[in-house]
Amino acid sequence: MIPEPYLQSLQGGAIIGLATALLLLLNGRIAGVSGIFARALSFRGPELSPNLAFVVGLVLGPLLYSVVYGTWPAAEFRMPLLFMALAGVLVGYGTRLGNGCTSGHGVVGLARLSPRSITAAATFLTSGVVTVLIMRLLEML
Amino acid sequence: MMREILRTLVALIAGVLFGFGLALSGLLNPERVRGFLDVTGNWDASLAFVLAGAVAVTALANVVTKVLSKPALDDTFHIPEPSKINAPLIYGSALFGVGWALSGLCPGPAIASLGRDVSTIYVFVLAMIAGVLIHSGQSSSEADC
């Protein structure tokens with residue numbers, strides 16, 4: 001049997017998959033959050049209103065969760081703000097340079113067996129694991 | 001015009017589902033995300049299950065796209081053509097991985113957490129926007145040359 005938290009993760013993942021399936025089969029678009037967010041930020045482009053709508057929906061989703069379950073999903077924020085700011089710049093810049101993040105490359109790209117996405121996912125997983133390892137060695141965790 | 005309104009509605013619903021799925025899966029908790037990357041410490045396999053569920057459903061949808069000639073609300077599928085694995089892909093993904101590990105946040109969970117009053121999230125998303133703008137500033141100056 002799969003332990004309860006992991007079962008929830010699997011269910012949550014399937015719902016994320018349903019969202020990407022809708023966007024793909026109805027709109028013909030890839031559900032890559034970093035790309036959609038960057039295009040919505042530019043406030044131009046042919047798909048501006050769907051892009052903005054997706055971002056608004058993304059914010060509404062956890063609010064719906066909190067209405068259904070009566071509480072916000074658990075989250076701990078332990079890192080100092082300066083750290084989060086540095087990390088945010090790296091995530092924003094890196095996902096644009098690499099043309100995708102965990103959703104576009106990780107979910108959609110892997111499902112399509114795209115060599116570029118497989119390479120991207122292997123790269124960000126590796127650099128992520130190495131970074132956490134360094135954080136452990138520096139006793140930041 | 002009508003189709004764009006419908007596409008906007010579909011995108012809104014897809015966004016809500018995506019955000020709900022993130023909330024249910026535990027990915028709005030940065031410590032659990034970092035736990036997945038913490039292979040030598042207290043490893044948390046949650047993210048592997050999220051990915052497995054999401055990839056499985058998306059792969060099914062992908063099979064359907066091979067049968068359909070076009071999506072329901074557009075004239076063509078906007079799917080990137082296979083292209084080369086190049087340096088920006090590697091460098092960008094490597095930088096993203098560092099930021100992801102430092103914060104425990106990637107773009108989806110960060111934006112999805114905006115409905116909650118946590119200053120850490122606001123700082124992260126503002127910095128992420130700065131990162132996006134730095135990149136678009138660079139690429140537009142390249143295009144001008």
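No other option in A/Met140, A/His105, A/Arg112, A/Gln11 has as many heavy-atom pairs under 4.5 Å with chain B as A/Arg112. For chain B, the option among A/Leu25, A/Thr126, A/Leu110 with the highest count of heavy-atom pairs below 4.5 Å is A/Leu25. Heavy-atom pairs under 4.5 Å with chain A were tallied for B/Ser119, B/Pro30, B/Gly21, B/Ala11; the largest tally goes to B/Ala11. Comparing A/Gly100, A/Ser117, A/Ala111, A/Gly109 by heavy-atom pairs within less than 4.5 Å of chain B, the highest count is held by A/Ala111. Ranked by heavy-atom pairs under 4.5 Å with chain A, the first of B/Pro109, B/Ala87, B/Ala48, B/Pro80 is B/Pro80. Looking only at heavy-atom pairs under 4.5 Å with chain B, the residue among A/Ile36, A/Leu22, A/Leu58, A/Leu10 that has the most is A/Leu58. The candidate from A/Ala74, A/Ala122, A/Ala21 with the greatest count of non-hydrogen atom pairs under 4.5 Å with chain B is A/Ala74. With chain A as the partner, the residue from B/Phe49, B/Tyr91, B/Phe77 showing the most heavy-atom pairs under 4.5 Å is B/Phe49. For the set B/Gly41, B/Ala45, B/Cys106, B/Ala130, the count of heavy-atom pairs under 4.5 angstrom toward chain A peaks at B/Ala45. Note: B/Ile79 leads B/Leu47, B/Val125, B/Ile79 in heavy-atom pairs under 4.5 Å with chain A. With chain A as partner, the option from B/Ile5, B/Val123, B/Leu6, B/Thr120 having the largest number of non-hydrogen pairs under 4.5 angstrom is B/Thr120. Note: A/Val132 leads A/Val108, A/Val132, A/Leu81, A/Ile134 in heavy-atom pairs under 4.5 Å with chain B.
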For A/Thr95 and B/Met128, run side-chain contact (heavy atoms from CB on, under 4.5 Å): C-alpha distance rounded to whole Å, both residues' side-chain angles, the deciding distance at 0.1 Å, then the answer. CA-CA 10 Å; A/Thr95 52; B/Met128 192 170 85; 5.9 Å; no

Report the C-alpha distance between B/Phe18 and A/Ser103 in whole Å, list the side-chain angles of each, state the deciding distance to 0.1 Å, and finish with yes or no for side-chain contact (heavy atoms from CB on, under 4.5 Å). CA-CA 10 Å; B/Phe18 203 111; A/Ser103 51; 3.8 Å; yes

Go through it in stages, so that I can follow the logic: the residues are B/Phe96 and A/Thr123, the test is side-chain contact (heavy atoms from CB on, under 4.5 Å), and I'd like the CA-CA distance, side-chain angles, deciding distance and then a yes or no. CA-CA 9 Å; B/Phe96 162 49; A/Thr123 306; over 6 Å; no

B/Ile129 and A/Phe37: CA distance, side-chain angles, deciding distance, side-chain contact (heavy atoms from CB on, under 4.5 Å) verdict: CA-CA 9 Å; B/Ile129 291 171; A/Phe37 182 61; 3.7 Å; yes

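Using a 4.5 Å cut-off between heavy atoms, A/Tyr6 contacts chain B through both its backbone and its side chain. Residue A/Leu63 touches chain B through its side chain alone, counting heavy-atom pairs closer than 4.5 Å. Interface remark: A/Leu41 contributes side-chain atoms only to the contact with chain B (heavy atom separation under 4.5 Å). Residue contact with chain A, scored on non-hydrogen atoms closer than 4.5 Å, involves the side chain of B/Val39 exclusively. With a threshold of 4.5 angstrom between heavy atoms, A/Arg136 approaches chain B through side-chain atoms but not through N, CA, C or O. Both the backbone and the side chain of A/Leu125 come within less than 4.5 Å of a heavy atom of chain B. When heavy atoms are compared at a cutoff of 4.5 Å, A/Leu133 approaches chain B solely by way of its side chain, counted from C-beta outward. For A/Pro46, the part lying near chain B is the backbone, with the side chain staying farther off; criterion is any non-hydrogen pair under 4.5 Å. Of the two parts of A/Val130, neither the backbone nor the side chain holds a non-hydrogen atom closer than 4.5 Å to a non-hydrogen atom of chain B. With a 4.5 Å cut-off on non-hydrogen atoms, A/Leu141 touches chain B through its side chain but not through its backbone. For B/Leu51, the part lying near chain A is the side chain, with the backbone staying farther off; criterion is any non-hydrogen pair under 4.5 Å.
Across all their heavy atoms, B/Ala101 and A/Gly128 have their closest contact at CB-O, 3.4 Å. In terms of heavy atoms, A/Val91 sits closest to B/Gly99 at CG2-C, 3.6 Å. Annotation for B/Leu28 and A/Pro73: closest pair CD1-CG, 3.7 Å, computed over non-hydrogen atoms. The minimum heavy-atom distance between B/Ala94 and A/Ser127, with the atom names listed, is O-OG, 2.8 Å. For the pair A/Ala87 and B/Leu102, the tightest heavy-atom approach, listed with the atom from each and the gap, is CB-CB, 3.9 Å.
Interatomic distance, A/Thr119 OG1 to B/Asn86 CG, rounded to the nearest 0.5 Å: 10.0 Å. Here the CG-CD distance, from A/Leu97 to B/Gln138, works out to 8.0 Å after rounding to the nearest 0.5 Å. Residue B/Leu12 holds its CG atom at 11.0 Å from CG of A/Leu52, rounded to the nearest 0.5 Å. Interatomic distance, A/Met135 CE to B/Leu37 CG, rounded to the nearest 0.5 Å: 10.0 Å. Between the CZ atom of B/Phe124 and the CZ atom of A/Phe83 there is a distance of 13.0 Å, given to the nearest 0.5 Å. Considering CD1 of B/Ile134 and OH of A/Tyr93, their distance stands at 8.0 Å, rounded to 0.5 Å.
Remark: A/Leu82 CG is loosely packed, at most 12 non-hydrogen atoms of other residues, nucleotides or ligands lying under 6.0 Å away. Crowding of B/Asn42 atom CG: a count of heavy atoms from other residues, nucleotides or ligands under 6.0 Å not exceeding 12.
Side-chain contact between B/Ile121 and A/Met84 is absent, with no heavy atoms from C-beta onward closer than 4.5 Å. Contact annotation: the side chain of A/Pro50 never approaches that of B/Val10 to less than 4.5 Å [non-hydrogen atoms, C-beta and beyond]. Between B/Arg32 and A/Pro5 there is a side-chain heavy-atom pair separated by less than 4.5 Å. Looking only at side-chain heavy atoms (C-beta outward), B/Pro71 and A/Asn27 stay at 4.5 Å or farther from each other. Between A/Pro62 and B/Leu22 the shortest side-chain heavy-atom distance does not fall below 4.5 Å. Residues A/Met79 and B/Arg34 have side chains in contact (heavy-atom distance under 4.5 Å, counting atoms from C-beta outward). With a 4.5 Å cut-off on side-chain heavy atoms, A/Pro115 and B/Ile85 count as touching. Between A/Leu26 and B/Arg7, the closest side-chain pair of non-hydrogen atoms is not below 4.5 Å.
Without hydrogens or angle criteria, A/Ser9 side chain to B/Ser25 main chain gives a donor-acceptor distance under 3.5 Å. Looking at A/Arg116, its side chain does come within 3.5 Å of a backbone N or O of B/Lys84 through a donor-acceptor pair.
A continuous path of Ile, Leu, Val, Met, Phe, Trp and Tyr side chains, each step under 4.5 Å between heavy atoms, connects B/Leu133 with B/Leu114, placing both in one hydrophobic cluster.
Between the side chains of B/Glu4 and A/Ser49, a donor-acceptor pair is found at a separation under 3.5 Å.
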Expected list for residues 52-70 of chain B: side-chain donor-acceptor pairs under 3.5 angstrom, two or more places apart:
from	atom 1	to	atom 2	distance (Å)
B/Thr58	OG1	A/Thr20	OG1	2.8
B/Thr58	OG1	B/Ala54	O	2.7
B/Thr65	OG1	B/Asn62	O	2.5

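Ring planes of A/Phe124 and B/Trp100: perpendicular class, angle over 60° (limits at 30 and 60°).
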